[in-house]
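The structure appears right after this line, and notes come after that.
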Protein chains: 2
Amino acid sequence: MSKETIEVCRETIINHEKVKSARQNLPAKSEIDNLSDTFKILGDPTRLKIVIALAWEELCVCDIATVVNLSVSAVSHQLRLLRNMRLVKFRKEGKMVYYSLDDEHIENIIQLAQIHVREFSR
Amino acid sequence: MSKETIEVCRETIINHEKVKSARQNLPAKSEIDNLSDTFKILGDPTRLKIVIALAWEELCVCDIATVVNLSVSAVSHQLRLLRNMRLVKFRKEGKMVYYSLDDEHIENIIQLAQIHVREFSR
DNA sequence: TTGATATTTGAACAAACATTCAAATATATT
DNA sequence: AATATATTTGAATGTTTGTTCAAATATCAA
């Protein structure tokens with residue numbers, strides 16, 4: 001755990017000042033990890049589709065599976081990941097489980113990313 | 001290529017209307033792929049650190065390596081991915097190659113994600 | 001031209017990942 | 001109780017990914 005603070009100088013440093021301030025401005029490891037985990041969750045087409053679909057309205061698992069054109073099992077595995085990262089929440093109604101978004105920010109993040117990718121004619 | 005439009009009904013559909021509108025509201029496959037590729041790039045702690053460091057000022061490869069505490073080679077591989085996704089640009093100055101951010105939106109996306117992850121006390 | 005330095009590249013490898021399949025839960029219906 | 005349906009779970013599998021190492025480029029300096 002305390003290894004985090006050990007700094008090994010492996011390479012030539014060209015500009016000590018810039019390196020020092022860059023290191024200081026970098027968020028803590030835990031925040032970097034939370035951030036990159038959040039992006040990683042959105043970094044898969046299946047999960048992204050699920051999130052975007054749920055941004056409109058809640059859906060049950062088998063309807064989500066139909067929307068993303070995958071097996072219920074595959075979707076359920078992905079929903080577990082989305083649940084773990086607190087991106088979606090669910091409510092049970094008899095046999096059915098209805099999922100919906102758990103976070104307002106995620107929609108904004110996706111919208112911002114859409115503006116970004118639309119600027120390229122790839 | 002044209003397989004994209006084929007729809008196979010693998011599972012019980014609970015609510016046809018919701019599934020239909022969810023499918024219609026979903027962005028095209030190419031946009032979903034561009035979006036998830038962008039998030040995937042940010043979904044790795046090393047690359048995220050590089051992007052955040054470059055948000056402050058341009059850095060050469062060996063300084064980036066020191067900042068993220070990795071080998072120059074590992075960093076160069078990641079810079080190639082960031083270059084391919086047009087997230088960073090570079091300029092050569094003699095032996096040195098200086099990298100900087102190529103996109104204004106990315107900083108905003110990261111800031112929004114920071115607001116998101118800071119709301120949890122994980 | 002020779003040696004030194006900064007960066008890139010390709011192969012290799014272990015770790016992480018997405019999906020499938022089969023089996024297990026959980027709830028509702030008869 | 002027995003059956004059917006909706007969902008979850010665990011193991012297995014092929015693929016992708018991040019880093020390392022060694023070698024290749026590229027530029028500078030002597």
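Values below: all heavy atoms of this structure, side chains included; hydrogens, waters and symmetry mates excluded. Throughout, protein chains are lettered first and strands after them, A, B, ... in sequence-line order, and every chain is numbered starting at 1. Just so we're clear, the structure is a prediction, and the values are computed from it rather than from any experiment.
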_Heavy-atom closest contact (A:Val67 atom, B:Ala22 atom, distance)_ = CG2-CB, 3.8 Å

_Without decimals, in angstroms, what is the distance between B:Arg80 CZ and D:dT20 P?_
15 Å

*CG of B:Asn15 versus C1' of D:dT5: gap in Å, rounded?*
17 Å

*Measure the angle between the two terminal helix axes of the helix from C:dT1-D:dA30 to C:dT30-D:dA1, five base pairs each, and quote it to 10°.*
20°

*Which residues satisfy the side-chain contact (heavy atoms from CB on, under 4.5 Å) test with A:Lys95, sequence neighbours excluded?*
none

Only distances under 3.5 Å count here; give the side-chain donor-acceptor pairs of residues 45-54 of chain A to other protein atoms, sequence neighbours excluded, each with its distance to 0.1 Å.
residue	atom	partner	partner atom	Å
A:Arg47	NE	A:Ile41	O	2.7
A:Arg47	NH1	A:Gln78	OE1	2.9
A:Arg47	NH2	A:Lys40	O	3.2

*Scan nucleotides 24-30 of chain D nucleotide by nucleotide, 5' to 3', and note B when protein non-hydrogen atoms come under 4.0 Å of the base, S if they reach only the sugar-phosphate, - if neither.*
--SBS--

Grab the N/O contacts between the protein and nucleotides 15-19 of chain C below 3.5 Å, and write none if there aren't any.
residue	atom	partner	partner atom	Å
C:dA18	OP1	A:Arg47	NH1	3.0
C:dA18	OP1	A:Arg47	NH2	2.8
C:dA18	OP2	A:Arg47	NH1	3.2
C:dT19	OP1	A:Thr46	OG1	2.9
C:dT19	OP2	A:Gln78	NE2	2.7

*Let me know the distance between CZ of A:Phe90 and P of C:dT27, rounded to the nearest Å.*
12 Å

*Partners meeting side-chain contact (heavy atoms from CB on, under 4.5 Å) with A:Asp103 (sequence neighbours left out)*: A:His105, A:Ile106, B:His116, B:Phe120

*Whole Å only: how far is the CG atom of B:Asn84 from the C1' atom of C:dT8?*
13 Å

*asked:* Applying side-chain contact (heavy atoms from CB on, under 4.5 Å), can you list everything that pairs with A:Arg80, at least two apart in sequence or on another chain?
replied: A:His77, A:Arg83, A:Asn84

*Under 3.5 Å, is there an N or O donor on one side and an acceptor on the other linking the side chain of A:Ser73 and the base of D:dT9?*
yes

*Taking only residues two or more places apart in sequence or in another chain, which ones pass side chain to side chain donor-acceptor pair (under 3.5 Å) with A:Asp33?*
A:Lys29

*Please collect all ring-ring contact (aromatic ring centres under 6.0 Å, His included) contacts where either partner lies in residues 37-61 of chain B, sequence neighbours excluded, each pair once.*
none

_Starting the side chain at C-beta, find the nucleotide from D:dA6, C:dT9, D:dT8 nearest to A:Val72._
D:dT8

*asked:* What's A:Tyr99 touching, base or sugar-phosphate or nothing? Going by heavy atoms closer than 4.0 Å.
replied: sugar-phosphate

*Donor-acceptor contact below 3.5 Å, side chain B:Arg118 vs main chain A:Glu31*: no

*asked:* With salt bridge (charged side-chain N to carboxylate O under 4.0 Å, His left out) as the rule and sequence neighbours excluded, what pairs involving residues 64-76 of chain A come up?
replied: none

*Please name all residues satisfying side chain to side chain donor-acceptor pair (under 3.5 Å) with B:Gln111, sequence neighbours left out, ordered by chain then number.*
none

*Does a side-chain N or O from A:Arg83 land closer than 4.0 Å to OP1 or OP2 of D:dT9, or not?*
yes

*Between B:Val75 and A:Tyr98, which has a closest nucleotide on DNA chain D that is more 5'?*
A:Tyr98

*Could you state the NZ-P distance from B:Lys49 to D:dG18, rounded to the nearest angstrom?*
14 Å

_Sequence-distant partners of B:Glu93, side-chain contact (heavy atoms from CB on, under 4.5 Å), two or more places apart_ = B:Arg91, B:Tyr98

